[in-house]
*Asks:* 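One structure, pasted below without further comment.
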2 protein chains.
Amino acid sequence: MNLTIAEENYIKAIFHLQQAEGNVSTNQLAASLHTKPASVTDMLKKLTIKSLLNYEPYQGVRLSKDGKKQALNIVRKHRLWEFFLVDKLQFGWDEVHEVAEELEHVRSKKLVDKLDSFLGHPKFDPHGDPIPDSNGNMVTIRQFNLIDIKISTIVEVCGVGSQSAELLELLRHKNIGIGTVLKIIRKFDFDHSVEIQIKNSDHINISQQLAQALFVKLI
Amino acid sequence: MNLTIAEENYIKAIFHLQQAEGNVSTNQLAASLHTKPASVTDMLKKLTIKSLLNYEPYQGVRLSKDGKKQALNIVRKHRLWEFFLVDKLQFGWDEVHEVAEELEHVRSKKLVDKLDSFLGHPKFDPHGDPIPDSNGNMVTIRQFNLIDIKISTIVEVCGVGSQSAELLELLRHKNIGIGTVLKIIRKFDFDHSVEIQIKNSDHINISQQLAQALFVKLI
DNA sequence: AATTATTTTTAGATAAATCTAAATAAATAA
DNA sequence: TTATTTATTTAGATTTATCTAAAAATAATT
Ligand SMILES: [Mn+2]
Ligand SMILES: [Mn+2]
Ligand SMILES: [Mn+2]
Ligand SMILES: [Mn+2]
């Protein structure tokens with residue numbers, strides 16, 4: 001069954017939202033897709049008929065098994081294209097999201113699989129998010145929020161909490177990216193900021209907001 | 001001014017049709033876009049309002065200056081993506097048209113220009129068609145129809161008359177592609193077939209229809 | 001429990017892109 | 001030159017995706 005671009009964007013948004021919380025509400029979806037609740041309700045009815053999700057009025061939605069499968073395929077395409085843009089075309093990691101938002105809708109299984117080979121079957125996209133394989137499986141690593149790491153621990157940045165241009169601009173300025181290895185030097189109770197050290201360079205200060213937007217793994 | 005995918009497909013179709021003939025008729029466009037004449041008329045009115053073409057009822061259309069500029073940009077994207085698919089992703093030249101038909105609509109000037117660099121600024125797509133640069137300029141080579149070449153002449157295949165899967169399948173079978181160098185051995189008056197020789201292999205016979213679908217240059 | 005506020009759905013419109021069937025214009029043939 | 005055929009346009013519908021405004025359901029507060 002072939003989905004329209006709008007339908008694919010809804011399916012993907014529901015997928016991401018239901019990871020965090022349980023049922024996804026109409027308002028959440030409207031906010032996430034920059035559209036209006038009334039439009040969301042219409043689309044939910046349509047996707048229900050296509051049995052991509054389970055929806056009862058006023059109760060929010062969750063993807064069906066088939067819906068989840070479709071979502072994983074779109075996420076796979078999105079992240080593979082992001083990897084391509086950064087790795088092959090030298091885009092900055094803060095510039096690729098929008099473009100991938102269009103490329104993800106190109107329909108050709110052969111294209112995706114050949115792209116995957118060409119890129120060397122990458123496991124993570126430029127933002128540290130795992131790339132599903134053609135069966136929808138992806139690696140899961142135990143990742144922690146930087147704000148929760150104890151002093152003196154050495155960790156590696158492996159993900160960011162949002163794709164916003166503002167966050168990525170700040171990270172670029174502080175020289176922090178996926179794979180950056182850093183040590184927690186000190187934590188301040190007043191504003192919950194964190195002092196860290198990257199490699200052997202000077203100590204730098206990370207605000208509470210920024211620390212909460214960084215996911216790390218122990219090494 | 002941002003065009004929809006449907007508008008871009010119309011603009012590109014008009015561009016290709018007006019190369020061959022003068023004014024492009026409603027029926028020609030309908031056939032080329034696999035749509036109905038009534039739909040074409042509607043779209044022509046819309047594109048006229050956007051001043052992308054000059055249209056008077058019953059007289060057919062031609063692109064305006066701006067329309068031609070838009071068309072060249074779409075053609076550029078289409079051919080660059082085709083080159084990418086064949087050169088980097090190992091697609092066959094007979095498999096790329098459909099996929100490029102979607103990729104050509106991804107809107108990002110930066111993407112196109114970076115792709116162009118990544119590919120090494122190719123001048124021709126896998127079917128031998130010239131790729132416009134970012135200003136809309138493309139090389140023009142004097143090319144002839146194979147059917148018109150004299151006996152004993154040595155030529156190089158540089159283009160095909162159509163992108164149809166049927167043609168490309170036949171060419172693949174006969175081991176003929178862009179860049180193939182061949183010699184005209186004999187021409188038969190009965191069916192206007194042509195006997196040719198590729199490199200030092202055996203003579204093979206080319207039907208009139210096939211010879212008319214092959215463009216070559218003198219070397 | 002009754003009132004108020006919030007969320008969600010329905011009703012009714014609109015714009016884009018398409019279609020079929022009918023009307024009209026242009027081209028061709030008798 | 002009139003009649004016939006062909007090409008093109010108009011009229012009226014349909015599907016998809018959106019919106020605003022109003023109604024209804026649910027949740028939160030007195
Ligand atoms: Mn998208
Ligand atoms: Mn990403
Ligand atoms: Mn296209
Ligand atoms: Mn081509």
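Values reported hereafter were calculated over all heavy atoms of this structure, with side chains retained and with hydrogens, waters and symmetry mates removed. Residue numbering restarts at 1 for every chain, and letters A, B, ... go by the order of the sequence lines.
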*Asks:* Is the shortest side-chain N/O distance from A/N27 to OP1 or OP2 of C/dT8 below 4.0 Å?
*Replies:*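 For C/dT8, OP1 or OP2 has a side-chain N or O of A/N27 closer than 4.0 Å.
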*Asks:* Between A/D66 and A/S64, is any side-chain donor less than 3.5 angstrom from a side-chain acceptor?
*Replies:* no
*Asks:* Can you identify which nucleotide, out of C/dT20, D/dT9, D/dT18, has its nearest atom closest to the B/Y55 side chain?
*Replies:*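 Closest nucleotide to the B/Y55 side chain: D/dT9.
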*Asks:* Could you tell me the separation between the CG atom of A/L3 and the P atom of D/dT16, rounded to a whole number of Å?
*Replies:* 13 Å
*Asks:* Is the distance between the ring centroids of B/F83 and B/F118 less than 6.0 Å?
*Replies:* no
*Asks:* What does B/A38 touch in the nucleic acid at a heavy-atom separation under 4.0 angstrom: a base, only the sugar-phosphate, or nothing?
*Replies:* base
*Asks:* A/N2 CG to D/dT16 P: how many Å, rounded?
*Replies:* 13 Å
*Asks:* A/K36 NZ to C/dT14 C1': how many Å, rounded?
*Replies:*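 Roughly 15 Å, once rounded to whole Å.
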*Asks:* Of all heavy-atom pairs between B/L85 and B/A100, which one has the smallest distance, and what is that distance?
*Replies:*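 Closest heavy-atom pair between B/L85 and B/A100: CD1-N, 4.4 Å.
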*Asks:* B/T41 has a side chain; which of D/dT18, D/dT10, C/dT9 sits nearest to it?
*Replies:* D/dT10
*Asks:* When you match B/S25 and A/H34 each to their closest nucleotide on DNA chain D, which lands nearer the 5' end?
*Replies:* B/S25
*Asks:* B/L44 CG to D/dT10 P: how many Å, rounded?
*Replies:*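 About 11 Å, once rounded to whole Å.
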*Asks:* May I have the distance from A/E56 (atom CD) to C/dT8 (atom P), rounded to whole angstrom?
*Replies:* 14 Å
*Asks:* Strictly below 4.0 Å: does A/T26 bring a side-chain N or O up to OP1 or OP2 of C/dT9?
*Replies:*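 The answer is yes; a side-chain N or O of A/T26 sits under 4.0 Å from OP1 or OP2.
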*Asks:* Where the side chain of B/Y58 is concerned, which of C/dT9, D/dT16, C/dT24 is the nearest nucleotide?
*Replies:* C/dT24
*Asks:* Let's test this: given Watson-Crick or G-U wobble pairing with both distances under 3.5 Å, identify the partner of C/dA30.
*Replies:* D/dT1
*Asks:* Give a yes/no on whether any side-chain N or O of A/S39 is located under 4.0 angstrom from OP1 or OP2 of D/dT18.
*Replies:* no
*Asks:* I need the CG-C1' distance between B/L29 and C/dT18, as an integer number of Å.
*Replies:* 15 Å
*Asks:* For A/P57, report the nucleic acid contact type (base, sugar-phosphate, nothing); a contact means any heavy atom under 4.0 Å.
*Replies:*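 Sugar-phosphate contact only - A/P57 comes under 4.0 Å of backbone atoms but never of a base.
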*Asks:* Whole angstroms only, please: what is the NZ-C1' distance between B/K45 and D/dT8?
*Replies:* 10 Å
*Asks:* Are a donor atom and an acceptor atom from the side chains of B/E82 and B/H78 found within less than 3.5 Å of each other?
*Replies:*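 Checked: B/E82/B/H78 side chains pair up, N/O donor to acceptor below 3.5 Å.
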*Asks:* What is the distance from CD of A/Q59 to P of C/dT7, rounded to the nearest Å?
*Replies:* 15 Å
*Asks:* Taking the six-membered ring of B/F144 as reference, does the NZ or CZ atom of B/K217 fall below 6.0 Å from its centre and within a 45° cone about the axis?
*Replies:* no
